[in-house]
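Below is one structure, written out as structure tokens, with a few remarks after it.
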There are 2 protein chains.
Amino acid sequence: MNKQKNLTLADVAQAAGVSTATISRVINGTPNKVSDTTRERILKLVAELDYQPMQIGRALSRMESATVALLTPDTRNAFYASIADGLEQAITATGKAMVLGHTREDPVLQDRHLAQMQSHGVAGIAMLGAVPSPGLSKAVARELPIVFVNRKCPYGAGSAFVGIDNYRAGGDVAGHFLERNYDPVAVIHGPLNSSASLERYEGFRDVIESAGHSLSERFVIHGGLTIESGYRATRDLLDHDEHPRAIFCANDAVAYGAHHRCGELGLASPERIALFGFDDNPLNKWLAPWLSTVAVPCTDIGTRVAELFLGGPVPPRQYLLPYELKIRRSA
Amino acid sequence: MNKQKNLTLADVAQAAGVSTATISRVINGTPNKVSDTTRERILKLVAELDYQPMQIGRALSRMESATVALLTPDTRNAFYASIADGLEQAITATGKAMVLGHTREDPVLQDRHLAQMQSHGVAGIAMLGAVPSPGLSKAVARELPIVFVNRKCPYGAGSAFVGIDNYRAGGDVAGHFLERNYDPVAVIHGPLNSSASLERYEGFRDVIESAGHSLSERFVIHGGLTIESGYRATRDLLDHDEHPRAIFCANDAVAYGAHHRCGELGLASPERIALFGFDDNPLNKWLAPWLSTVAVPCTDIGTRVAELFLGGPVPPRQYLLPYELKIRRSA
DNA sequence: CTGAAAGCGCTTACAG
DNA sequence: CTGAAAGCGCTTACAG
């Protein structure tokens, strides 16, 4: 990419009067291969010349580029952005670069990115909010180093996962609703091909029902994960005479949309309709400090994911991080 | 990155009974080099085998990887995220991948990313909200293919730029304030090493002053570009007996923070203190539909930047895109 | 502890 | 229109 050519390993080797192998070993810190004196001499020279190895050559010889891919469903959601942020920091700290793909919950786009990332030889792929897709199924079968974030792998439980116990968290929200005697309750859940959305819904429903209450079909709304879809779902939900006393929203963005619609109907108060979100979106602090929600440790997630990519093959570990119910004014 | 090895050009060549050169030419569509019959036969074979060239090999031979870097100051700001989004779409459409670096307005971080991107051999670098830094100065001198987005290059006017005429836009906001007879007016401006912030401020000030009004020093506040810094700046600004009648904020995030503080003081109405933002952040629609602001065409920006990277060397063009004053309730 | 050399997967000037 | 071969910058098994 440069007008004036970059320095190569060969240039440095020549300047130092040694072989390229030796320079390479010094640069990479290969142990027990280079004498201390040579090492120091070369390190000084490398610093003087400000030599930076070209990752392109290294990638070809290692058959792996110094990059990690992040596929994310929605770049504008501040919660996802925070996860991306934490991951980027952790990745960068290891000297790798982060490649970003935007999947928009679309299997076709996801597969396109998946294929591209593979052809780029990325060292790992973090799937934030994966959707089922043929390419993903194939990638999992090939045992590519994939870590699933927030949503579990749609194909078997053998894949690495970093997130929270959504089933339990959904149940906890239901428990809180019961404690407050909110009745009847409604839930606006996200796409059910997402383990996160499904488990939150199931956990919520199971606790409500095991307490002897029932969750009326009319009060279970299928929605998306954006402010807009939260608005629409709430419009549908409240387009009847009978209103729920409380709504468990798929995430905070949905809760923002729900609040908006409740406001239009003059129902935007905890005394009329209580709202519960999910994620503890960083925007809450400024824009919805009243929103009760489930705090997910989004910055830790990135660190954990990066950890999984560190030592060679990705262990099929499941990191379940702690979450926390934040009870605020809205519920 | 795979367990089972990927197909290589050599594999396909063997299967087709031709040389790797021929396959390469077919894949790349090199004109006037392959007979139509051979081409078709090979294209079919490639499709059958589902062969994807490894970018790693291509990168080394071309001395450039099929990636474009985006350096952004703040991943959580929805306005920047929209620009990143538009760019990602345009980049992906050309078959390239986008590498993302988060600079946090920090020259050291920016230089680290800049060095990393160069060593990765990216085909181009989009600098969203660049800050002055030694590495950037060097990169510009070496004529790397850099496009400055939103903020102009801090080192000379020869670099490619995509954004709006911030000076004029700042003046337009001042014009609106004068028309409404807001007096006195205040401005919370962003970092003055950013051409965008500086020019907005200067344009605003020049119009105010050329109308015979003066901009009191106490009403010119230096701030950052986040909600939090907007909150703090407004706290300082309003910590006196004399309040401004209107505030021109560095961007919408700052305006959110300003609104928050005004609310705490019971001044959050256009009749008490009018607020003007900048960007038309996508969040406005849902969270601050009352905010008057300057709409910047953030999705177009990405497309333009990608265009600049397309045909080889980056022309030192300046794309000044149209902006639009959105007058809403807040001012 | 050090080096000569093969090799990673592609592209392309050159020869035919 | 096609192919043999050199080359991109690095890594690493092998030999010494």
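The basis for the numbers below is simple: all heavy atoms, side chains too, and nothing from hydrogens, waters or symmetry mates. A note on names: the letters A, B, ... follow the listed sequences, proteins ahead of strands, and every chain is numbered from 1.
To the nearest 0.5 Å, the span separating CD on Glu64(A) from CD1 on Ile56(B) amounts to 8.0 Å.
Using a 4.0 Å heavy-atom cutoff across all strands shown, Ser24(B) reaches at least one base atom of the nucleic acid. If you check every strand for non-hydrogen atoms under 4.0 Å, Thr30(A) touches nothing. The residue Leu9(B) sits close to a base: some heavy atom pair falls under 4.0 Å.
Nearest nucleotide to the Ala21(B) side chain, out of dT12(D), dG9(C), dT12(C): dT12(C). Of the candidates dT2(C), dG7(D), dC10(D), the closest approach to any side-chain atom of Ser61(B) belongs to dG7(D). Checked against dG9(D), dT11(D), dT2(D), the side chain of Ser35(B) finds its nearest nucleotide in dT2(D). Listed nucleotides: dG9(C), dG3(C), dT2(C). Nearest to the side chain of Val18(A): dG3(C).
In this structure, the NE2 atom of His120(B) is 21 Å from the P atom of dC8(D), given to the nearest Å. Between the P atom of dC8(C) and the CG atom of Asp11(B) lies a distance of 11 Å, rounded to the nearest Å. Here dC10(C) presents its P atom at 11 Å from CZ of Arg62(B), a figure rounded to the nearest Å. Spacing between atom CG of Asp36(A) and atom C1' of dT2(C) amounts to 15 Å, rounded to whole angstrom units. In this structure, the CD atom of Glu64(B) is 16 Å from the C1' atom of dG9(D), given to the nearest Å. dG9(D) atom P lies 10 Å from atom OH of Tyr51(A), rounded to whole Å. If you take CZ of Arg25(B) and C1' of dT12(C), they are 7 Å apart, rounded to a whole angstrom. In this structure, Ile27(A) places its CD1 atom 8 Å from P of dC10(D), rounding to the nearest Å.
Base pairing of dA13(C): no nucleotide in any strand meets the Watson-Crick or G-U wobble criterion (both distances under 3.5 Å). Pairing partner, dA4(D): none, since no Watson-Crick or wobble contact has both distances short of 3.5 Å.
In this structure, a donor-acceptor pair under 3.5 Å is absent between the side chains of Thr72(A) and Thr75(A).
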Would you check, one step at a time, whether the test salt bridge (Lys or Arg N to Asp or Glu O under 4.0 Å) holds for Arg151(B) with Glu105(B)? CA-CA 12 Å; Arg151(B) 292 185 201 165; Glu105(B) 308 267 357; 2.7 Å; yes

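Nearest-nucleotide assignment on DNA chain C puts the 5′-proximal partner with Thr22(A), out of Thr22(A) and Thr20(B).
Other residues, nucleotides and ligands place more than 12 heavy atoms under 6.0 Å from the CD atom of Gln52(A).
For the pair Arg58(B) and dG9(C), the criterion of a side-chain N or O lying under 4.0 Å from OP1 or OP2 is not met. At dC8(C), none of the side-chain N or O atoms of Thr8(B) fall inside 4.0 Å of OP1 or OP2 (strictly under the cut-off).
Across all their heavy atoms, Pro154(A) and Phe148(A) have their closest contact at CD-CE2, 3.9 Å.
Between dT12(C) and dG16(C), the distance separating the two C1' atoms is 16 Å to the nearest Å.
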